[in-house]
Amino acid sequence: MKKLFIISILLVVIIALLVGCAQPAKDQAEKEEKVLRVGVINQDRIWTESAKAKEYQSELNTKIEGIQDRYKDELENLSEEEQVKKHEEAYKEINNIQTELKEKFRQEIQSVVEEIAKTKNLDIVLNKEDVRYGGIDLTDEVIKKLK
């Protein structure tokens, strides 16, 4: 009788452990079944076709012309060595402005992409070049919103 009682308790404990261990596996399986919603964007098209990109390019061109005019006037009475230094300064200044404008535009793209992704309940947005197949193309919508 005592042996039967001990065996019964052991069986109950084993069954309880098995049921407890099986539950997380069921939860894990449910998590794995979730479908990932992926959006894609074509960065090249955004950088070349959007009105905002053209606006930034125009701003850059205007600033480059201003820098070139300013340095052109300064170069007239300088030695060759000093002229080289002035050219390097101008190049660095143009490079800094270009980097600054690119970063501002990149942040605007990021903001628009996040907004669109939230409204479409997307889990992730990737560059179209990195995706071989599938995904919801958001490029046209991003270009329209970048005014």
Side-chain angles (χ1 to χ4, degrees), residues 8-147:
S8 298
I9 290 178
L10 284 174
L11 282 174
V12 169
V13 169
I14 291 172
I15 291 173
L17 287 173
L18 289 174
V19 169
C21 292
Q23 190 65 33
K26 181 180 174 185
D27 292 340
Q28 185 66 25
E30 288 175 2
K31 288 179 186 177
E32 289 175 6
E33 288 179 18
K34 181 183 177 200
V35 175
L36 192 64
R37 293 183 42 88
V38 178
V40 294
I41 57 170
N42 184 327
Q43 289 271 8
D44 292 337
R45 281 192 53 218
I46 293 169
W47 282 82
T48 57
E49 296 178 19
S50 70
K52 192 57 120 174
K54 291 173 182 166
E55 182 182 310
Y56 276 120
Q57 186 61 49
S58 177
E59 182 180 344
L60 177 63
N61 291 342
T62 302
K63 289 183 178 190
I64 288 173
E65 287 173 10
I67 291 169
Q68 287 174 335
D69 290 343
R70 188 177 78 231
Y71 280 102
K72 185 178 181 182
D73 293 340
E74 293 176 10
L75 290 176
E76 290 180 14
N77 298 323
L78 297 178
S79 68
E80 209 173 298
E81 185 178 310
E82 290 172 323
Q83 286 181 2
V84 169
K85 286 182 181 178
K86 284 290 182 185
H87 282 293
E88 288 174 357
E89 286 177 25
Y91 178 77
K92 286 179 183 177
E93 190 173 341
I94 290 169
N95 215 12
N96 288 339
I97 291 170
Q98 185 177 24
T99 301
E100 178 184 309
L101 291 175
K102 277 184 179 181
E103 181 59 24
K104 280 174 66 176
F105 186 48
R106 190 197 61 72
Q107 288 175 356
E108 286 187 50
I109 292 170
Q110 178 72 24
S111 176
V112 168
V113 168
E114 285 176 8
E115 178 185 323
I116 293 169
K118 285 178 185 174
T119 60
K120 293 188 178 274
N121 293 321
L122 299 174
D123 297 308
I124 190 169
V125 177
L126 302 170
N127 291 326
K128 192 170 188 171
E129 302 85 38
D130 299 332
V131 178
R132 293 192 187 275
Y133 176 78
I136 300 166
D137 194 345
L138 308 174
T139 305
D140 290 331
E141 197 171 340
V142 171
I143 289 172
K144 285 178 189 172
K145 285 195 176 226
L146 285 169
K147 294 182 180 178

* Asked: Going by heavy atoms in the side chains, are Ile41 and Asn127 under 4.5 Å from each other?
  -> yes
* Starting at CG of Asp69, measure out to CD1 of Ile64 and round the result to the nearest 0.5 Å. => 12.0 Å
* To do: Indicate the atoms forming the closest heavy-atom contact of Glu129 with Gln43, along with that distance.
  => OE2-N, 3.9 Å
* Asked: Is a side-chain N or O of Arg37 found less than 3.5 angstrom from the main chain of Lys120, in a donor-acceptor match?
  -> yes
* **side chain to side chain contact (heavy atoms under 4.5 Å, CB included) evaluation trace for Asp123 with Val38** => CA-CA 6 Å; Asp123 297 308; Val38 178; over 6 Å; no
* Is the shortest heavy-atom distance from the side chain of Ile116 to the side chain of Val125 under 4.5 Å? -> no
* Going by distance alone, is a donor N or O of one side chain under 3.5 Å from an acceptor N or O of the other, for Glu65 and Asn61? -> no
* About how many Å separate OG1 of Thr62 and CD1 of Ile67, when rounded to the nearest 0.5 Å? -> 11.0 Å
* Taking every non-hydrogen atom, the tightest pair across Asn42 and Asp44 -> OD1-N, 3.1 Å
* **Donor-acceptor contact present, side-chain Ser58 to main-chain Lys54, <3.5 Å** => no
* Locate the shortest heavy-atom distance separating Trp47 from Ala53; write the atom from each residue and the value. => O-CB, 3.2 Å
* To do: Taking only Lys NZ, Arg NE, NH1 and NH2, and the carboxylate oxygens of Asp or Glu, determine whether Glu141 and Lys144 approach each other closer than 4.0 Å.
  => no
* To do: Measure the spacing between CG of Leu122 and CG of Leu138 and express it to the nearest 0.5 Å.
  => 5.5 Å
* Structure fact -> Rounded to the nearest 0.5 Å, the CG atom of Leu146 sits from the CD1 atom of Ile46 at a distance of 7.0 Å
* To do: Locate the shortest heavy-atom distance separating Tyr56 from Leu101; write the atom from each residue and the value.
  => CD2-CD2, 3.7 Å
* **Check ion pair Lys63-Glu100 (N to O, under 4.0 angstrom)** => no
* How about Glu93 and Asn96: do any of their side-chain heavy atoms sit closer than 4.5 Å? -> no
* Asked: Are Glu103 and Arg106 close enough for a salt bridge, meaning some N to O gap below 4.0 Å?
  -> yes
* To do: State whether the side chain of Ser111 and the backbone N or O of Gln107 hold a donor-acceptor pair below 3.5 Å, judged by distance alone.
  => no
* **CA sep, side-chain torsions, deciding dist, call: Glu55, Lys52, salt bridge (Lys or Arg N to Asp or Glu O under 4.0 Å)** => CA-CA 5 Å; Glu55 182 182 310; Lys52 192 57 120 174; 3.4 Å; yes
* **Interatomic spacing from CD in Glu49 to CD1 in Ile143 - rounded to 0.5 Å** => 4.5 Å
* To do: Enter the distance from Ser79:OG to Lys85:NZ here, rounded to the nearest 0.5 Å.
  => 8.0 Å
* Asked: Do Glu115 and Lys145 have side chains that get closer than 4.5 Å, going by heavy atoms?
  -> yes
